[in-house]
Every structure is written in C-alpha cells, then in structure tokens.
Amino acid sequence: MNQSLTLALSKGRIFDETLPLLEAAGITVADDPEKSRKLILPTSDTAIRVVIVRASDVPTYVQYGAADFGVAGKDVLLEHGGDGLYQPVDLNIAKCRMSVAVPAGFDYVSAVRQGARLRVATKYVNVAREHFAAKGVHVDLIKLYGSMELGPLVGLSDAIVDLVSTGSTLRANHLVEVEQIMDISSRLVVNRAALKTKREKLQPIIEAFERAARSE
Ligand code: ATP
Ligand code: MG
C-alpha cells in the first residue's frame, strides 16, 4: 500500500516551531520556505513531503485529504469548525492568547455595564460572537483579515478581538487588553481517512510529536 504522506504547514512560526518536532520523529526538511519559493518541500524521508499553505488554509487541505496531516492554531481550528479532522495532540507551540483590546482611555467595563452596543473588529468572528453572547454583551462584529489594531484608531470599531503574545503590538498602537478570552496553541490535525489507511506510517510520527511536545 502506498504510505506516502503530505504534511501541511504555514511558513513563519508554525514552520519554525514544527521543525524540532519533525526532527524528533527523525525527519528533516532541507528547504527554508522563507528563502525558497517552492510550495512543496521534500524531506529526508522520500515518502514524506511538506506543503506550504496559508495558516488559515491548513484545516481545509487536511479536511479534503490534499494533505494527510498538518499543524494549525486553535484560533484557526475554532473558526474552521474542525470538520473531518482528528486532533490528537496539542503541540504546545505558537502559544499566545485571544483577547479583547480597546483604545487606552476607553472605559470598556462601564460601556459593557451600561449595555452599550459595541462595534468589534476581528478576524475571529465565531469565537468573538460566542464570547460576547455568553457575557450578554451586544456587539456588531466587523470581519477583518489582518491589522485589527488599526480598527479602533481610525474609528472603524470600539474594540478588537485579536491574538496577543507579548502585547507590544497593542502598546505600539495605544491599545490595552481588557479581557482574555482563551489560551491559544497549535494542534496536530490529521485527515480522518488517512488515519485509517495510512496508520502504519502516521502513528509513529504522531507518537514522536506527542513525546516531543510533552518534553517541551
Ligand atoms: P497570515 O500571516 O498568513 O495572515 P496568520 O497571521 O494567521 O496568517 P501566523 O502569524 O504565522 O499566520 O500565525 C499562525 C498561528 O500562530 C496563528 O494561527 C496562531 O495560532 C499563532 N500565532 C499568531 N500570532 C501569534 C503570536 N504573536 N505569538 C504566538 N503565536 C501566534
Ligand atoms: Mg500573523
């Protein structure tokens, strides 16, 4: 049986932080996606290749079986819905948190207490909708695809829901974090059919990732 595997990764932090996990499974990637324009990268195992896709596209490639497995942030998985994906391991990489931030000086607590209707700009509309609904806060969500920090600065929104790690981007734009919604890390995602048909090849890699993630 053909047990060749395709792994979907996004370049940047996910690729960088997955490399040591691959190495723990005895797999090295020769190319650096930051330097090469190649979207398909061979590895030291001729039966395993890496495809470079947008972070938010990883679940889609894996769901449709175009990639057998991949690495995606919890933020991306929550927005995608996780259909057709098996999520066996929290890899404990690309850690950050999803938070609500507002311009310094905006009294968020009072606005919420007074039942004001808030305009919230975010890439994470599903998570944001659930968060504010659970708190009983009325919001108009404005979908953005990036640079959420700009929203409140130009009057697009009162608040943003975005990922925060050090907080330096927020500070640079005079925004303050007023609520932490959840901790975020990246997970291994596996195509459900591949898990059965390619188990022999996949299982040792999943286990190596699991051990490496635990010893981080
Ligand atoms: P793109 O840059 O292509 O628009 P993206 O911003 O989602 O997409 P990355 O910045 O590489 O891509 O982020 C990939 C994943 O890493 C995110 O889905 C999230 O889980 C995590 N992440 C994002 N920002 C941070 C951060 N500041 N610190 C740690 N992890 C982060
Ligand atoms: Mg980014």
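Order of listing sets the numbers, starting from 1, for every ligand and every atom in it.
With hydrophobic clusters built from ILVMFWY side chains whose heavy atoms lie under 4.5 angstrom apart, Val62 shares a cluster with Ile40.
Remark: minimum distance from atom 11 (O) of ligand 1 to any protein heavy atom is reached at Lys11 O, 3.9 Å. In this structure, the protein non-hydrogen atom closest to atom 12 (O) of ligand 1 is Ala55 CB, 3.7 Å. The nearest heavy-atom contact from the protein to atom 3 (O) of ligand 1 is Arg54 NE, 2.6 Å. If you check which protein heavy atom lies closest to atom 29 (C) of ligand 1, you get Lys95 O, 3.2 Å. Residue, atom and distance of the protein heavy atom nearest to atom 13 (O) of ligand 1 are Arg13 NH1, 3.5 Å.
Of all the heavy atoms of Lys123, the ones lying under 4.0 Å from any atom of ligand 1 belong exclusively to the side chain.
Of the protein's heavy atoms, at least one falls inside 4.0 Å of atom 18 (O) of ligand 1.
Using 4.0 Å as the threshold, Gly12 has no heavy atom nearer than that to any atom of ligand 1.
Among the atoms of Ser165, some N or O lies under 3.5 angstrom from an N or O of ligand 1. At under 3.5 Å, not a single nitrogen or oxygen of Val76, backbone or side chain, sits near a nitrogen or oxygen of ligand 1. Every N/O-N/O distance between Tyr145 and ligand 1 stays at or above 3.5 Å.
For the pair Asp75/Val127, no side-chain contact is recorded, criterion being any heavy-atom separation below 4.5 Å from C-beta on.
The nearest pair of heavy atoms linking Gly12 to Glu34 is N-OE2, 3.2 Å. Smallest separation of non-hydrogen atoms from Val50 and Ile52: CG1-CD1, 4.1 Å.
Salt-bridge check for Lys95 with Asp183: failed, with every basic side-chain N at 4.0 Å or more from each acidic carboxylate O.
Less than 4.0 angstrom separates some heavy atom of Gly73 from each of these atoms of ligand 1: 20 (O).
Residue nearest to atom 20 (O) of ligand 1, selected from Ile14, Leu163, Val164, Asp75: Asp75 (by heavy-atom distance).
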